[in-house]
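Encoded as structure tokens, the structure appears first; notes follow it.
Numbers here simply count residues along the sequence, with the first being 1.
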Amino acid sequence: MTVNQSEKRLLLFVTCCAMAGLVVGGISGFTNKPSCDDSNIGQCFTEDALYRTVKGMTTGLGGGVGAAFAIHVGMGYKD
């Protein structure tokens, strides 16, 4: 199986966007504290910081990969 130059470039671009999404999503999830009010007081104190970080990282990963493919498709139509 051979991979041509444009496929290598796309794979590198998707990987870079995915890593950036992981970092940004992880930081966002870690620093995002749930707001406490009377309706969710139990969740406010029991939600773990690691859970919020992993949830943010998965969201960032999906966003990064989606953005990379959207940009790739948009650049293809530009030609």
Side-chain angles (χ1 to χ4, degrees):
M1 179 173 143
T2 58
V3 179
N4 62 14
Q5 189 67 24
S6 65
E7 290 172 348
K8 285 181 186 178
R9 210 172 333 145
L10 174 63
L11 184 60
L12 180 65
F13 185 63
V14 169
T15 303
C16 290
C17 286
M19 290 298 133
L22 276 173
V23 170
V24 171
I27 291 171
S28 173
F30 182 74
T31 59
N32 186 18
K33 303 243 188 296
S35 60
C36 296
D37 58 5
D38 292 336
S39 64
N40 68 347
I41 195 73
Q43 180 187 7
C44 182
F45 293 117
T46 59
E47 191 174 60
D48 189 22
L50 180 63
Y51 174 74
R52 287 193 323 262
T53 304
V54 170
K55 190 166 64 170
M57 289 173 76
T58 56
T59 303
L61 177 67
V65 171
F69 279 113
I71 291 171
H72 175 71
V73 168
M75 294 298 286
Y77 288 131
K78 187 179 177 182
D79 289 341

Mind checking the OG1-CE spacing from T15 to M19? Nearest 0.5 Å is all I need. 6.5 Å
Any sub-3.5 Å donor-acceptor pair from S28's side-chain atoms to V24's backbone N or O? no
For L61 against A18, the heavy-atom pair lying closest together: CD1-CB, 3.6 Å
If you take all heavy atoms of L22 and M57, which pair is closest and at what distance? CD2-O, 3.4 Å
Flag yes if V65 and L10 sit in one hydrophobic cluster, no otherwise; membership is Ile, Leu, Val, Met, Phe, Trp, Tyr, and two members link when side-chain heavy atoms are under 4.5 Å apart. yes
Should L50 and F30 be marked as a side chain to side chain contact (heavy atoms under 4.5 Å, CB included) after you check the CA-CA gap, both sets of side-chain angles, and the distance that decides it? CA-CA 7 Å; L50 180 63; F30 182 74; over 6 Å; no
